[in-house]
Amino acid sequence: MASISVLYDHNIEGTEELQDKILAFIDDVIVGEFGAELLDAEKIKQGDIAFDFKVEGYVINGKVVTYSNYIDITLKVPFIVVIYKNKIIKLLDKHVPKYFGEQK
């Protein structure tokens, strides 16, 4: 498996609110925009989120690690999916400000 990892700023104060925004982001963007089937999404330790989804027959594992002013989104993808890395990052870049605030 290969990894795609990106960092984004956020302007959300509370851990619970941030987790809820991340879950909404996963549902609206990953499922809604990518057309993926969400297999699992759960809140884990210290405000982080783990999720799994299936798109075009590929299972992708994701994790969002939260920090006080930024988030780290990491996707574990099959090697064949890495060819879509730029497309995935552009889609994330397009939607992140709507959920987490303008990027610095």
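Quantities reported herein were computed from a predicted structural model and do not represent experimental measurements. By convention here, the first residue in the shown sequence is residue 1.
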Which atom pairs, one a donor and one an acceptor, fall under 3.5 Å between side chains of residues 74-90 and the rest of the protein, sequence neighbours left out?
unit_1	atom_1	unit_2	atom_2	d
Thr74	OG1	Ser5	OG	3.2
Thr74	OG1	Asp72	OD1	3.3
Lys76	NZ	Ser3	OG	3.1

Without placing hydrogens or testing angles, list every side-chain donor-acceptor pair under 3.5 Å for residues 29-47, not counting sequence neighbours.
unit_1	atom_1	unit_2	atom_2	d
Lys43	NZ	Glu16	OE2	2.5
Lys43	NZ	Asp20	OD1	3.0

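- Under the 3.5 Å distance criterion, the side-chain polar atoms of Asp9 are left unmatched by any main-chain donor or acceptor of Tyr70.
- The environment of NZ in Lys54 is sparse: at most 12 heavy-atom neighbours from other residues, nucleotides or ligands sit within 6.0 Å.
- Although no hydrogens or angles enter the test, the distance criterion places no donor-acceptor pair under 3.5 Å between the side chain of His10 and the main chain of Val96.
- Put simply, CZ on Phe100 and CD1 on Ile22 are 5.0 Å apart, with the number rounded to the nearest 0.5 Å.
- You'll find the side chain of Phe51 stays beyond 4.5 Å of the side chain of Asp27, heavy atoms only.
- Between Val65 and Asp48, the closest heavy-atom pair is CA-OD1, 3.4 Å.
- Distance CZ/Phe25 to CD1/Ile49: 12.5 Å, rounded to 0.5 Å.
- At a threshold of 4.5 Å between side-chain heavy atoms, the hydrophobic network of Ile, Leu, Val, Met, Phe, Trp and Tyr places Leu7 and Ile4 in two separate groups.
- Counting heavy atoms from C-beta outward, Met1 and Asn61 have side chains that approach closer than 4.5 Å.
- Taken to the nearest 0.5 Å, the CD1 atom of Ile26 stands 11.0 Å off from the OH atom of Tyr99.
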